[in-house]
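Have a look at the structure below, then the notes.
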There are 2 protein chains.
Amino acid sequence: MTQDIARTEKQLGAILRRARKQAGLTQSDLGKRMHLRQGTVSRLEGGAPAIQLRTLMETLAALDLELVIRPRSKASAADIESVF
Amino acid sequence: MTQDIARTEKQLGAILRRARKQAGLTQSDLGKRMHLRQGTVSRLEGGAPAIQLRTLMETLAALDLELVIRPRSKASAADIESVF
DNA sequence: ACAAAATATACGCGATAAAGTATATTCTTA
DNA sequence: TAAGAATATACTTTATCGCGTATATTTTGT
């Protein structure tokens with residue numbers, strides 16, 4: 001699964017956490033790459049809604065990820081939380 | 001063209017602006033859909049980096065868009081998107 | 001060219017992010 | 001099960017959000 005859909009902050013956080021772990025990084029490691037506190041990374045991954053956009057974009061860059069914006073796919077169930 | 005890559009806040013803003021116009025909405029129209037002021041929509045579309053994540057997610061929902069997070073495309077042979 | 005509509009900015013205000021620093025709590029794993 | 005590591009929380013300070021409201025500056029249509 002190289003593509004993950006995020007419609008909520010929580011989904012987005014879960015995706016980022018998985019990507020970070022896959023890269024073998026701790027929150028502190030990742031934070032050091034972009035001047036973010038470990039605690040800030042924790043909030044982002046936890047799905048805090050009031051995180052700043054800059055923080056998200058920096059994190060994506062640090063994890064070598066990119067954002068794709070597209071019309072909502074209809075096929076998928078609206079229910080989410082299906083994190084294994 | 002149904003998929004737009006955003007690696008910076010400015011790119012993201014431009015994509016949202018295009019989607020809004022395509023939906024035939026003004027910034028005020030869009031703002032009313034989610035309790036955001038016209039001025040806030042303006043900043044988001046302008047690429048302000050300190051916009052809050054919640055604001056982005058609400059805007060995506062109001063425009064019936066979704067976010068996809070994926071590894072950065074290499075732009076070489078692996079770039080499947082540029083078939084057009 | 002002009003009026004109307006749309007968008008960009010601005011100010012005060014309450015709320016809150018993120019820094020800096022520290023500690024508590026929850027995993028790991030030897 | 002007891003470290004040790006990783007993650008979640010907390011407090012103060014500084015900066016900025018988004019609101020409400022208003023206005024300035026484009027952009028659009030006739």
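To find a chain, count down the sequence lines: A is the first, B the second, and so on, and within it residues start at 1.
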Does anything in [range] come within less than 4.0 Å of DNA chain D? Heavy atoms only, and list the residues if so.
{"range": "residues 24-41 of chain A", "answer": "A:Thr26, A:Gln27, A:Gln38, A:Gly39"}
{"range": "residues 8-15 of chain B", "answer": "none"}
{"range": "residues 49-61 of chain A", "answer": "none"}

Quick check for you: name the first and last nucleotides of DNA chain C, 5' to 3', having an atom under 4.0 Å from a heavy atom of chain B.
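In short, chain B contacts DNA chain C from C:dA6 to C:dA10.
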Minimal non-hydrogen separation, [X] against [Y], with atom names:
{"X": "B:Leu30", "Y": "B:Met34", "answer": "O-SD, 3.5 Å"}
{"X": "B:Ala6", "Y": "A:Ile69", "answer": "CB-CD1, 3.8 Å"}
{"X": "B:Arg72", "Y": "A:Leu65", "answer": "NE-O, 2.9 Å"}
{"X": "A:Arg20", "Y": "A:Leu25", "answer": "NH1-O, 2.8 Å"}

Rounded to the nearest 0.5 Å, what separation is found between the [atom1] atom of [X] and the [atom2] atom of [Y]?
{"X": "A:Leu12", "Y": "A:Ile15", "atom1": "CG", "atom2": "CD1", "value": "6.0 Å"}
{"X": "A:Glu45", "Y": "A:Glu9", "atom1": "CD", "atom2": "CD", "value": "15.0 Å"}
{"X": "A:Leu67", "Y": "B:Ile5", "atom1": "CG", "atom2": "CD1", "value": "10.0 Å"}
{"X": "A:Ser42", "Y": "A:Arg37", "atom1": "OG", "atom2": "CZ", "value": "13.5 Å"}
{"X": "B:Gln27", "Y": "B:Gln38", "atom1": "CD", "atom2": "CD", "value": "5.0 Å"}

If the helix axis at each end comes from five base pairs, how far does the helix from C:dA1-D:dT30 to C:dA30-D:dT1 deviate from straight, to 10°?
70°
Is any NZ, NE, NH1 or NH2 atom of the basic residue among B:Arg7 and A:Glu66 found under 4.0 Å from an Asp or Glu carboxylate oxygen of the other?
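Counted as a salt bridge, because a side-chain N and a carboxylate O are separated by less than 4.0 Å.
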In residues 47-64 of chain B, what donor-acceptor pairs under 3.5 Å come from side-chain atoms, sequence neighbours left out?
| residue | atom | partner | partner atom | Å |
| --- | --- | --- | --- | --- |
| B:Thr59 | OG1 | B:Thr55 | O | 2.7 |

